[in-house]
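Chain letters run A, B, ... following the sequence lines, proteins first, then strands; residues in each count from 1.
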Amino acid sequence: MLIHREEFPDNTVTQAKWLLGKLVVRHTDAGLMIGRIVETEAYLHDDEAAHSFRGMTPRNRSLFLEKGHAYVYIAYGVSMMLNVSAGKAGVGTGVLLRALDPVSGIELMEKNRGIAKLRDLTRGPGRLAQAFAIDLSLQGLDLCRKGELWLAKDGHKVGKIGASKRIGITKNADPLLRFFVKDNPFVSGPGALNR
DNA sequence: AGTGCGATTGACT
DNA sequence: GTCAATCGCACTA
């Protein structure tokens, strides 16, 4: 069921952990896809690694929206990244979704990715965005309303949560701001299996 | 107007 | 394990 905005934690780190186990629902003309979040990273408002660190720009403005909106950007000119904004309106902070456990619509994800290997469909931020047909047209979308893309919860129990340094960044790389569900095969990078 | 740099991925040794 | 492709965007002048 749909998640209301008041249910989102106010703190970005808390939200990054809280999003684990929640569902991403994507509705397109081609069909419905659902995935369970198993890996996230927190980007704080005073965080040198965050796109918002040097203030609002045309690219990062969605990060400054109230918690529960989509911030989409292109990494390395090729991969789409999906973030969930956090905190109050005007504060540039959010959570990057790094991996999903496919729940429904797997055939459509395979079509979008151009491959059929289940574990590679949504393991990694660029891959999950491609599988779910995430693009800049979803920029700033309210994820607390049913539409093309929204967030949902169910009765699922989340397993043990691990933490690590964030992946692929050089600035402010030390804090443990990456969170993942332990022993889930769809987690990218360190911690995917017993470690 | 020009430059440098990534919150990655996929191909290859 | 290593490494290059690739391009939008922020920054400098």
Side-chain angles (χ1 to χ4, degrees), chain A residues 11-20 24 35 37-65 67-87 91-102 109-141 143 149 151 162-181 185-193 195:
Chain A
N11 177 277
T12 304
V13 172
T14 307
Q15 178 176 311
K17 297 177 191 171
W18 172 84
L19 280 171
L20 295 175
V24 176
I37 301 170
V38 296
E39 181 182 355
T40 61
E41 280 179 358
Y43 286 85
L44 313 181
H45 73 280
D46 58 350
D47 177 359
E48 204 180 350
H51 289 168
S52 55
F53 185 67
R54 293 176 201 288
M56 199 187 298
T57 69
R59 173 175 74 151
N60 69 21
R61 65 193 154 77
S62 298
L63 258 187
F64 292 80
L65 295 171
K67 60 190 180 184
H69 289 81
Y71 167 47
V72 183
Y73 75 93
I74 304 172
Y76 294 100
V78 280
S79 302
M80 295 289 177
M81 303 279 144
L82 175 61
N83 299 250
V84 181
S85 68
V91 180
T93 181
V95 175
L96 170 68
L97 303 188
R98 288 195 56 92
L100 301 177
D101 194 331
M109 296 180 204
E110 291 174 341
K111 185 183 169 194
N112 291 338
R113 289 274 294 123
I115 61 168
K117 190 178 174 189
L118 179 65
R119 192 161 176 261
D120 285 347
L121 288 181
T122 53
R123 181 169 48 87
R127 289 168 178 161
L128 80 85
Q130 187 180 36
F132 275 58
I134 305 290
D135 60 38
L136 295 177
S137 71
L138 303 172
Q139 188 69 266
L141 199 72
L143 301 175
L149 181 69
L151 293 172
S164 80
K165 296 180 181 181
R166 291 173 291 185
I167 294 176
I169 61 170
T170 54
K171 289 175 286 191
N172 194 22
D174 286 338
L176 305 181
L177 293 174
R178 170 176 172 259
F179 306 100
F180 54 91
V181 177
F186 293 94
V187 170
S188 71
L193 303 173
R195 190 83 47 119

Would you say the side-chain atoms of A:Ser79 pair up with the backbone N or O of A:Gly126, donor to acceptor, closer than 3.5 Å?
-> no
Without swapping roles, check the side chain of A:Thr93 against the backbone of A:Tyr43 for a donor-acceptor pair under 3.5 Å.
-> yes
A:Lys171 NZ to C:dA10 C1', straight-line distance once rounded to whole Å = 10 Å
Side chain A:Arg61, main chain A:Met56, donor-acceptor under 3.5 Å = no
Starting from C1' on C:dC9, measure out to CD on A:Gln139 and report it in whole angstrom.
-> 13 Å
May I have the distance from A:Asp135 (atom CG) to C:dG8 (atom C1'), rounded to whole angstrom?
-> 15 Å
Between atom CD1 in A:Ile115 and atom P in B:dT9, what is the gap in whole Å?
-> 11 Å
Atom CZ of A:Arg123 to atom P of B:dG10: distance rounded to whole Å?
-> 10 Å
Centroid under 5.5 Å and tilt under 30°, A:Tyr43 to B:dA7 = yes
Distance in angstrom units between A:Phe53 CZ and B:dA7 P, rounded | 14 Å
From B:dT8, C:dG8, C:dA10, nucleotide with atom closest to A:Pro58 side chain = C:dA10
Could you tell me whether A:Arg59 contacts a base, only the sugar-phosphate backbone, or nothing, with contacts defined as non-hydrogen atoms closer than 4.0 Å?
-> sugar-phosphate
When the distance from OH of A:Tyr73 to P of B:dC5 is rounded to whole Å, what number comes out?
-> 18 Å
Residues from residues 126-133 of chain A lying under 4.0 Å of DNA chain B - heavy atoms | A:Gly126, A:Arg127
Presence of A:Ser79 side-chain N/O under 4.0 Å of B:dT9 phosphate oxygens OP1/OP2 = no
Sole residue of A:Ile37, A:Thr40, A:Val13, A:Leu82 in side chain to side chain contact (heavy atoms under 4.5 Å, CB included) with A:Val95 = A:Thr40
Please table the atom pairs, donor to acceptor, closer than 3.5 Å between any side-chain atom in residues 168-176 of chain A and protein atoms at least two apart or in another chain.
{"from": "A:Asn172", "atom 1": "ND2", "to": "A:Asp47", "atom 2": "OD1", "distance (Å)": "2.7"}
{"from": "A:Asp174", "atom 1": "OD1", "to": "A:Lys165", "atom 2": "NZ", "distance (Å)": "3.3"}

Can you tell which of B:dA7, C:dT6, B:dT9 lies closest to the side chain of A:Val78?
-> C:dT6
Does C:dT2 have a Watson-Crick or wobble partner in any strand here, with both distances under 3.5 angstrom, and which is it?
-> B:dA11
Nearest-Å distance for atom pair OH/C1', residues A:Tyr76 and B:dG4 = 13 Å
Short side-chain to backbone donor-acceptor contact, A:Asn83 and A:Gly94, under 3.5 Å = no
If you take all heavy atoms of A:Lys67 and A:Gln15, which pair is closest and at what distance?
-> CB-OE1, 4.0 Å
Using a heavy-atom cut-off of under 4.0 Å over every strand shown, decide if A:Arg113 touches base, sugar-phosphate, or nothing.
-> sugar-phosphate
